[in-house]
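On a predicted model such as this, the values are computed, not experimentally measured, just so you know.
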Amino acid sequence: MNLYEQWLQKADDIGLSVAENVPFESQAKGLICGDCIGLNQNIETTAEKACVLAEEVIHSQVNVGNICDLRVSGNSRQERKTRKILRHHLADLKTIVSLMKSGCKEVNEIAEKMGITEDLLSEAISGYKEEYGISIPFGDDVLYFEPTIVLKSQLRG
């Protein structure tokens, strides 16, 4: 079961229906209204569908009301909270480090193995950098977030 199918199951488990290939008038990739999630017909890849669906499922669990207008401070706060939860679900550090230790070196490689978009992984790395600083100890290693994502153990050899 791929990541998109896993999130379809999670949506179903909590009573959400998902409508795919919806012709949105806006540029939004996904929207939730009540217990229905709509996914824009312009989503091109399964990885992008998985990321958008996961975000909308998380919105259903943590947000209140219509938060489309991000100029409203409460709305942007809710969006940031959702994005943080999303990165911890889809681009968790343990998986990133595991993939790097198994030979993945580039962001696109890691994202592909995780089944997510490069954009989400890059956003997650930026979020982790904001949360932890330029590096974080990870077991017997150190994960650096800049100048590029790299493990200390990979610098030695």
Side-chain angles (χ1 to χ4, degrees), residues 1-16 18 20 27-32 37 39-40 42-64 67-68 70-157:
M1 185 181 293
N2 68 34
L3 187 62
Y4 177 66
E5 293 166 334
Q6 291 172 27
W7 281 95
L8 278 173
Q9 184 62 55
K10 287 178 187 185
D12 186 59
D13 290 348
I14 60 175
L16 299 171
V18 178
E20 298 176 316
Q27 295 299 310
K29 297 286 186 171
L31 294 169
I32 184 164
I37 294 171
L39 300 177
N40 195 318
N42 296 329
I43 297 175
E44 296 179 10
T45 66
T46 303
E48 186 177 19
K49 267 171 120 172
C51 294
V52 172
L53 178 58
E55 181 176 0
E56 296 308 319
V57 169
I58 293 167
H59 274 305
S60 79
Q61 300 300 293
V62 301
N63 298 137
V64 178
I67 68 163
C68 290
L70 296 179
R71 294 173 297 183
V72 175
S73 67
N75 292 355
S76 58
R77 187 171 41 254
Q78 288 188 74
E79 181 66 24
R80 283 191 309 276
K81 179 179 179 181
T82 297
R83 299 299 291 181
K84 182 177 181 178
I85 294 168
L86 181 66
R87 81 170 165 257
H88 284 281
H89 276 285
L90 296 187
D92 66 287
L93 288 172
K94 183 177 180 182
T95 303
I96 292 169
V97 169
S98 175
L99 287 169
M100 292 177 77
K101 284 185 174 191
S102 71
C104 294
K105 296 194 185 316
E106 303 297 325
V107 169
N108 64 330
E109 251 184 308
I110 297 167
E112 185 178 330
K113 294 277 186 186
M114 295 177 91
I116 63 174
T117 63
E118 285 181 55
D119 286 344
L120 179 69
L121 182 56
S122 294
E123 180 186 321
I125 292 166
S126 293
Y128 288 133
K129 181 181 161 193
E130 206 174 283
E131 196 173 334
Y132 300 114
I134 62 167
S135 67
I136 182 173
F138 210 90
D140 60 350
D141 214 333
V142 177
L143 179 63
Y144 291 96
F145 300 115
E146 67 175 44
T148 184
I149 188 166
V150 66
L151 287 168
K152 184 178 181 180
S153 61
Q154 293 174 332
L155 296 173
R156 292 187 211 138

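Using modelled atom types, one finds no donor on one side chain facing an acceptor on the other under 3.5 Å when comparing Glu112 with Asn108.
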*Go through the steps for Ile14 and Ser60 under the test side-chain contact (heavy atoms from CB on, under 4.5 Å), then give the verdict.*
CA-CA 10 Å; Ile14 60 175; Ser60 79; 3.9 Å; yes

*Could you walk me through whether Val18 and Leu53 pass the side-chain contact (heavy atoms from CB on, under 4.5 Å) test, one step at a time?*
CA-CA 8 Å; Val18 178; Leu53 178 58; 3.8 Å; yes

*Intermediate values then yes/no, salt bridge (Lys or Arg N to Asp or Glu O under 4.0 Å), Lys49 and Glu20*: CA-CA 9 Å; Lys49 267 171 120 172; Glu20 298 176 316; 3.4 Å; yes

*Pair Glu130-Arg80, salt bridge (Lys or Arg N to Asp or Glu O under 4.0 Å): steps then yes or no*: CA-CA 12 Å; Glu130 206 174 283; Arg80 283 191 309 276; over 6 Å; no

*Please report the C-alpha distance between Glu56 and Leu16 in whole Å, then the side-chain angles of each, then the deciding distance to 0.1 Å, and finally whether the side-chain contact (heavy atoms from CB on, under 4.5 Å) criterion is met.*
CA-CA 10 Å; Glu56 296 308 319; Leu16 299 171; over 6 Å; no

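The line from NZ of Lys29 to CG of Asn42 is 6.0 Å long, rounded to the nearest 0.5 Å. Here CG of Asp13 is found 10.5 Å from CG of Leu8. Values are rounded to the nearest 0.5 Å. Interatomic distance, CD1 of Ile149 versus OH of Tyr144, reported as 13.0 Å (0.5 Å rounding). Glu146 CD to Ile125 CD1: the interatomic distance, rounded to the nearest 0.5 Å, is 12.0 Å. To the nearest 0.5 Å, atom OG of residue Ser98 and atom CG of residue Leu93 are 12.0 Å apart.
In this structure, Glu5 contributes its side chain and Asn2 its backbone to a donor-acceptor pair below 3.5 Å. A donor-acceptor pair is defined here as one N or O able to donate and one able to accept, closer than 3.5 Å; such a pair exists between the side chain of Gln154 and the backbone of Met100. Here the side chain of Gln6 pairs a donor or acceptor atom with the backbone of Met1 at under 3.5 angstrom. Using a distance-only test at 3.5 Å, with no hydrogens or angles considered, a donor-acceptor pair links the side chain of Ser126 to the main chain of Ser122.
Here the closest heavy-atom approach between residue Ala50 and residue Gly115 is recorded as CB-O, 4.3 Å. In plain terms, the two heavy atoms of Glu118 and Val107 that are nearest each other are O-CG1, 4.3 Å. The nearest pair of heavy atoms linking Phe138 to Lys94 is CZ-CA, 3.5 Å. Across His88 and Tyr128, no two heavy atoms sit closer than the pair CE1-CE2, 3.5 Å. Of all heavy-atom pairs spanning Trp7 and His89, the tightest one is CZ2-CB, 4.2 Å. Across all non-hydrogen atoms, the minimal contact from Leu86 to Cys51 is CD1-O, 4.1 Å.
Between Tyr4 and Glu48 the shortest side-chain heavy-atom distance does not fall below 4.5 Å. Counting heavy atoms from C-beta on, the side chains of Leu90 and Met114 never come closer than 4.5 Å. The shortest distance between side-chain heavy atoms of Gln61 and Ile85 does not fall below 4.5 Å. Looking only at side-chain heavy atoms (C-beta outward), Leu121 and Ile96 come within less than 4.5 Å of each other.
Tyr132 and Phe145 have parallel rings, their planes meeting at less than 30° on a 0 to 90° scale where 60° marks the start of perpendicular.
Enclosure of atom CD in Glu131 by more than 12 non-hydrogen atoms of other residues, nucleotides or ligands within 6.0 angstrom is indicated. Residue Lys113 qualifies as open at atom NZ: its count of foreign heavy atoms under 6.0 Å is 12 or below.
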